[in-house]
Amino acid sequence: MRRLYGAGTGHLLMMLVCLAGAAGAVALVADDPAWRVMLVWFLAAVVVHDLVLFPLYTGADRALSTVTRRRPPLGVPVVNHVRIPLLGAGLTFLMFLPGIIRQGEPFVLGASGLDQSPFLGRWLLLVAAMAVVSALVYAVRVLRPRSPDGEQQVVHGQREQRLGGEPVPDLPPRQ
Amino acid sequence: MSSTEPEYGFPAPLWRAIERARPPLPRWRSPLRGPWLTSVMGVVLLVGLALVIVTGLLSYIAYGPQLGQAIPPDVGALRLPIFDWPTRPSWLYRLTQGVHVGLGMVLVPVVLAKLWSVLPKLFAWPPVRSIAQVLERLSLLLLVGSILFEIVTGLLNIQYDYVFGFSFYAAHYTGAWIFIGAFVAHVALKLPRAVRTLRSRSLRTELRTPLAATLPEDDDGSGLVAEHPARPTMSRRGALALVGGGALLVAGLSVGQTVGGLLRPTALLLPRGRTTAAADGGPNDFPVNRTFVSSGIDVTSTGDGWRVELAGAHPRQLDGTALAALPQHTAQLPIACVEGWSTVQTWSGVRLRDLAALAGVPEPASALVSSLEEGPFARAALTSGQVLDPDSLLALRVNGAELGLDHGYPARVIVPALPGVHCTKWVRSIEFRSA
């Protein structure tokens, strides 16, 4: 079994459970004329996440880390103070996209009697608020006396200065 | 990587050939990726998504499949054990559907973080070494595809964006079963390893480890730990706080649509963070399920000539005056919709069981309520229990005032724990059936 299949019987059993669920589900919509559109959305969800969204945000994060790691300007690394509000903005943009870009407004109006006019402004305010809070926290971290964690951050900074402002080399390769 | 020699299943030459054809692949640098972090998020999703699945399936049952109201109607082998949806507690559907939508939204950042943590495995080389791994990759495509499909269709539906152009109900139910199958298989295969991995590091220690002391996890051969990790810019506890913070942010932006009251405006970015265009704080200022204008009803048919037709052993027609002359009952009940929003109001009107008795069917097996409206949700069947509950009303008033046109004037049905879409508005007739 293991030689031929590559795993134990339990594995095969679970794979069959998974395929049975999918087969039963597909049978539900086999007669639905829109099944092709559903399939396209299903596959597009994976492709857009794995091959568009993921490379975009990891690429942006690498760029951000490269820019910000050269030398913490005020002794406190700035990277997370940019990263976190950006992630918050991205998450809320994706989740509440229809309201922000006013997509599907006739249906919203028919269901609730309300339009989608406030959402873009509210989202921009939310993003601005996250950025301001992040900047304030940064300011507090720069100005306050160093906590034990902060001390260790400074130690990092000293190591960097000893190396002539070059970033500390990456961690050693793992065995 | 793993110290064990790669093993190939049958046919080994094929898998070896694939391994030799290695294309240039991205190098993963995050020092935080590792089996422990993945397992933490996996366990959170195991508990959270199980709740989302159960509450979602309960919603299917709450629609009343036994009354021919299941959507999708014909589910073949995927039939659920059907029972009469109870009327008590009156907040039951408010709770189950609020959890389904609210928790489903709160888990979005966790799902995204979990996918981030395992994505290097998508690009691992060779992609497969045996038939078992081919099947497992397929199961992961189904798992990831279905969870993303459910999140996307769910998020669009609660914002009334039907850009996908297929039936939401059919698609979301289908996606759910693909997910359930893949989820069960994934949990069965991975849970033992996740539990072992969670035991290998102490959460308490991780929560005390600052950035400067943050080191990559030990490589367990899972392919998650980077071979050449970059220097961390965030501690492991920081990463957990970031994901948890994302979940809290979403919770803060969505809980208001379900809890309502003073918290409603905190659902800043959702349609149900608002009440009505008037927003006058008056008795009819609560969210509308469907406006009178969009119902397409001719306004004259709700005027003086309006009658409610009661069908049964003794058919009757009652106008507004006759209804108001019957014993009135007041109940505080929620409207809770499939989109997860809800609102609790004080309704007054005639008990449905009194109307059933008037129509000569004091113990109805079911009742069919029809609206002046035409369309898919213009009629709804109620179970015997839903008709006979003492708080089930043909409501004429809300919060002490006459029902507004948008809320179903001249009369609407309100039944405890019934999905909002079945609380028929602008009622034209009620047929009480004895069998």
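Chain letters run A, B, ... following the sequence lines, proteins first and then strands; every chain starts at 1.
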Tell me, side chain or backbone of [X] under 4.5 Å from chain A's heavy atoms, or both, or neither?
X      : value
B/T276 : backbone
B/W28  : both
B/V152 : side chain
B/D406 : neither
B/E136 : both
B/A171 : both
B/L142 : both
B/L269 : both
B/L141 : both
B/F292 : neither
B/V134 : neither
B/L135 : both
B/L249 : side chain

Side chain from CB out, backbone as N, CA, C, O: work out which of these in [X] comes under 4.5 Å of a heavy atom of chain B, or both, or neither.
X      : answer
A/V37  : both
A/D50  : both
A/L114 : both
A/L39  : neither
A/Y5   : both
A/L125 : neither
A/D31  : neither
A/T58  : side chain
A/L120 : neither
A/A20  : neither
A/P118 : side chain
A/A111 : both

Heavy atoms only, distances under 4.5 angstrom: which of [options] has the most pairs with chain A? Name it, please.
options                        : answer
B/R290, B/M234, B/R274         : B/R274
B/I158, B/V144, B/V108, B/L119 : B/L119
B/L156, B/L270, B/V184         : B/L270

> Among A/P106, A/A34, A/G24, A/P33, which has the most heavy-atom pairs under 4.5 Å with chain B?
Replying inline: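 It is A/G24.
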Can you confirm whether the side chains of [X] and [Y] place a donor and an acceptor under 3.5 Å from each other?
X      : Y      : answer
B/S130 : B/W15  : no
B/R272 : B/Y160 : yes
B/D285 : B/T275 : yes

> Can you list the steps and then say if B/R33 with B/E217 is a side chain to side chain contact (heavy atoms under 4.5 Å, CB included)?
Replying inline: CA-CA 8 Å; B/R33 270 201 194 94; B/E217 290 183 40; over 6 Å; no
>> Between B/S254 and A/M95, is there a side-chain heavy-atom distance shorter than 4.5 Å?
In response: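 No, too far: nothing below the 4.5 Å cut-off.
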>> Any non-hydrogen side-chain atom of B/P210 less than 4.5 Å from a side-chain atom of B/S235?
In response: no
>> Between B/Y162 and A/F107 (judged by ring centroids, cut-off 6.0 Å), do the two rings come close enough to count as a pair?
In response: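 Yes.
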Closest approach of [X] to [Y] (non-hydrogen atoms, all atoms of both residues):
X      : Y      : answer
B/S146 : B/G175 : CB-O, 3.7 Å
A/V26  : B/T174 : N-CG2, 4.4 Å
B/L112 : A/L91  : CD1-CD1, 4.0 Å

